Structure formats: C-alpha cells, structure tokens
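Everything numeric in this text was worked out from a predicted model, so none of it was measured. Values below: every heavy atom of this structure, side chains too, minus hydrogens, waters and symmetry copies.
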Amino acid sequence: MQSEPSTDFSHAPEGFTVGPGYGGLTRVLVTVEGAEAEIYLNGATVTRYDVGGQPVLFCSKTSKYEAGKAIRGGVPVIFPWFGPHPTDSSQPQHGLVRAADWRVDSMRRLAPDAAELTLTFESSEATLAAWPFDFGLRYTVSVGKRLEMALKVTNRSMSEIEFHEALHTYLAIGDVHKIAIAGLENCEYADKVDGGARRRLGAESLRLKGETDRVFVNTSAACRLSEPGRPDVLVSKEGSLSTVVWNPWETKAEAMSDLAGGQWPEMVCVETANALENVIAVSPGASHTMKAIIERL
Ligand code: TA6
C-alpha cells in the first residue's frame, strides 16, 4: 500500500529547502556546512553535490527536466534491470524508477555539517504490469563531507525476486583524456562497445581513449579518480559487485539531445551497480542494500 505523499514541506528542518526546480519539478536543496546537494523527486536523482562550492557531480546543461523523463547527469537510480530490458524492448531502458515520482519520507539534520534525506518508492499497478513483483525502495541520501547514497530494496512479494540495479553516478572532470581510474586493475569486464566481449583490465589504472562502456564484474573495490590539477575523487561502495565505467565520446554524445554541446569530455560515469552475473536475489520479506560513497579527497 502506498502511503500518502508528503507534500507539506513547510516544517522542513534547517538546511532543507523544498520547492520547484527546473521544469517546475520538485527539488530538495540540502545545505550544510561545507557542502550542498540538490535532489529531484523525479527519479530520486541527486543532480548536484558541491563541496566547498566546487561540483563533484556532472549534470548536463541540456538535460530535460520533465516528469517521466530521466535527468541526464547526477546520479540516476536504476532498478530492477540495467540497460535494455533483457527480453522486452518495449520496456524502458534502465528499469522503472529513474524517471518515476518518488516521495519524501524524512529530512533529518544530523549535525551542522551533515543532513540526510530519505525518499521512497513502492510498486504499483503500473510497475506490476512491467515487472510482476511487489517491492519497496528506500533511498537515503546523506550530504556532508561525503555524499552517501543507500538504496534498500525490500521484497514485498510472495516469491523470491531477482534484479539488477545501479547508482549511475556522473562525475565532473576537467577533461576525460587526462583522467585515470585506479581500483579496477585485473578485473574482468564486459565490453559493451564490442558486443559485450569479455576482457580483463591489466595491472594498470584505467585510462579512456575513446567510447567506453564497460561493466566490471565481481569487484567490490573502491575506485579513485585522478586528474592533474584537480583533487582526487574516491567512489567506494557496499553491497555492490559491479562497477560500470561509461563515456559516450564525441559522436554518440553529440547525437544525444540531452548531452550535446561539447560537454562529453567533462563527465565520466563510475557507477556502483549489480549487473550481469552479479544479480541480486532477495527472499520474500527480506531486503538488500547497495551503497555508493562519493568523496572528494
Ligand atoms: O551505464 C552505461 C550505460 O548503460 C550505457 O550503455 C549508456 O548508453 C548509458 O548507460 C546511458 O543510458 P541512457 O539510457 O541514460 O541513455
């Protein structure tokens, strides 16, 4: 059963401002000492996380902000399938919730430099028509010196559920040609730029030299993103065995109306995920939590 949506935000704790953002979509602005974040209820998308006034996340200047449309950038939430639906091409790419309307469960000020927003999403007739299982999602976004995002999936159906998921994190960078990503050395990956061919990264950090779309499997390692002249960013995780690295490069990016305009070198996705063989199975009544932690070092 869906509870009534929280729509009265007049008593939001200090540091939270709820109101219309781009496109009139409801946006929660969270401001704490040293950091600020914006979260849209459309898709529960964290679109901005700044530390000391500097953006850690990338969000496209040409993103759509429309109910029911995915926001291009920040951290879209992907569940219960990753990428195209495995058997039904009429289903939306990347699952059912990244453009859905989420609800505010709670807003908590924990300390002068820390605050926490929890959003929820429940299965409905619409989701059951696409994926025949009852579920509840609880998504907690903690804003402070680190950005922590925890997605808890509870199985409310009578049988086991299996799913994929991702926190499709777009990181802000200066130039994709100059970055290195450490942490995936010797990991196996599916190369989606080459039909999903299985490969293994060598003993070196990952450097991007062209379109990159790799699903690294069986890895719980943190990734450290570095670029000359900028502070490193650490992406660590819990409850996740896949890490996806994506940049569409010029030709594909310029063909995407919500990413065009030469912005593609300023982003790289390092995604905390469970994809491919890292499927998650949850018994009736049980839950699984996946957490991504983003920290500028
Ligand atoms: O996570 C990488 C990926 O699955 C790519 O294959 C890619 O096309 C991307 O996500 C973006 O997908 P979207 O549906 O947002 O255009």
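Taking the six-membered ring wherever Trp is involved, the centroid distance between the rings of H168 and Y170 falls below 6.0 Å.
Residues P55 and A172 approach most closely at O-CB, 4.0 Å, considering heavy atoms. Heavy atoms only, all atoms of each residue included: P92 and W81 are closest at O-NE1, 2.8 Å. Scanning both residues, R72 and S63, for their nearest heavy atoms gives N-OG, 2.9 Å. Between K152 and S287, the shortest heavy-atom distance links the atoms CE-OG, 3.5 Å.
Looking at E188 and R200, a side-chain N of the basic residue comes within less than 4.0 Å of a carboxylate O on the acidic one, giving a salt bridge.
Residues T169 and C269 form no side-chain contact, since every pair of their non-hydrogen atoms from C-beta on lies 4.5 Å or further apart. Inter-residue side-chain proximity for V268 and L225 is flagged as met; some heavy-atom pair is nearer than 4.5 Å.
The residue from L119, L151, V46, L137 that alone fulfils the side chain to side chain contact (heavy atoms under 4.5 Å, CB included) condition with V77 is L151.
Cluster annotation: V233 and W246 are assigned to distinct hydrophobic clusters (Ile/Leu/Val/Met/Phe/Trp/Tyr, side-chain heavy-atom contacts under 4.5 Å, transitive). Cluster annotation: V244 and I293 are assigned to distinct hydrophobic clusters (Ile/Leu/Val/Met/Phe/Trp/Tyr, side-chain heavy-atom contacts under 4.5 Å, transitive). The cluster map of Ile, Leu, Val, Met, Phe, Trp and Tyr, joined by side-chain heavy atoms under 4.5 Å apart, puts W102 and M107 in the same cluster. Both Y189 and V270 belong to a single network of hydrophobic side chains, linked directly or stepwise wherever heavy atoms of I, L, V, M, F, W or Y lie under 4.5 Å apart. In the hydrophobic cluster analysis, where Ile, Leu, Val, Met, Phe, Trp and Tyr join through side-chain heavy atoms closer than 4.5 angstrom, L128 is grouped apart from I161.
Heavy-atom contacts from other residues, nucleotides or ligands closer than 6.0 Å to CZ of R108 number 12 or fewer.
For the residue pair N42 / D101, no side-chain donor-acceptor distance below 3.5 Å is found, with atom types taken as modelled. Between T118 and T140, the side chains place a donor N or O and an acceptor N or O closer than 3.5 Å (distance only, hydrogens not considered). Using modelled atom types and a 3.5 Å distance limit, the side chains of T45 and T47 yield no donor-acceptor pair. For the residue pair T120/D105, the side-chain donor-acceptor check at 3.5 Å is not satisfied. Using modelled atom types, one finds no donor on one side chain facing an acceptor on the other under 3.5 Å when comparing E277 with S242.
Screening residues 264-274 for salt bridge (charged side-chain N to carboxylate O under 4.0 Å, His left out) gives no qualifying pairs among residues at least two apart or on separate chains.
F58 meets the ring pair (Phe, Tyr, Trp, His ring centres under 6.0 Å) test with no other residue; sequence neighbours excluded. Take V176 and apply the side chain to side chain contact (heavy atoms under 4.5 Å, CB included) test, not counting sequence neighbours, and it matches I173, I179, L208, N247, W249, W264, P265. Annotation: ring pair (Phe, Tyr, Trp, His ring centres under 6.0 Å) contacts of F82 (sequence neighbours excluded): H94.
Side-chain N or O atoms of Q263 include one that pairs as donor or acceptor with a backbone N or O of A260 at under 3.5 Å. Judged by distance alone, the side chain of N278 and the main-chain N or O of T243 form no donor-acceptor pair under 3.5 Å.
Taking CZ of F163 as the reference point, atom CD1 of I78 lies at 14.0 Å (rounded to 0.5 Å). Between the NE2 atom in H164 and the CG atom in N274 there is a gap of 8.0 Å [rounded to 0.5 Å].
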Side chains of residues 142-149: which donor-acceptor partners sit under 3.5 Å, not counting sequence neighbours?
from: K145; atom 1: NZ; to: D113; atom 2: OD2; distance (Å): 2.6
from: R146; atom 1: NE; to: E148; atom 2: OE2; distance (Å): 3.3
from: R146; atom 1: NH2; to: E148; atom 2: OE2; distance (Å): 2.6
from: E148; atom 1: OE1; to: K291; atom 2: NZ; distance (Å): 3.1

N/O donor-acceptor pairs under 3.5 Å from side chains in residues 12-37, not counting sequence neighbours:
from: R27; atom 1: NH1; to: E38; atom 2: OE2; distance (Å): 3.1
from: T31; atom 1: OG1; to: E36; atom 2: OE2; distance (Å): 2.7
from: E36; atom 1: OE1; to: R48; atom 2: NH1; distance (Å): 3.3
from: E36; atom 1: OE1; to: R48; atom 2: NH2; distance (Å): 2.9

Where do R156 and D134 land on the salt bridge (charged side-chain N to carboxylate O under 4.0 Å, His left out) test, with the steps shown first? CA-CA 5 Å; R156 298 202 206 287; D134 272 312; over 6 Å; no
Carefully, step by step, assess K178 and E227 under the rule salt bridge (charged side-chain N to carboxylate O under 4.0 Å, His left out). CA-CA 6 Å; K178 297 184 180 157; E227 183 176 0; over 6 Å; no
Going through the checks in order, is the side-chain contact (heavy atoms from CB on, under 4.5 Å) test met by V245 and L184? CA-CA 10 Å; V245 178; L184 297 167; 3.9 Å; yes
Could you go through the salt bridge (charged side-chain N to carboxylate O under 4.0 Å, His left out) check for D194 and R199 one step at a time? CA-CA 10 Å; D194 189 13; R199 303 215 157 86; 2.6 Å; yes
Please lay out, stage by stage, how E238 and T272 fare under the test side chain to side chain donor-acceptor pair (under 3.5 Å). CA-CA 9 Å; E238 294 167 18; T272 295; over 6 Å; no
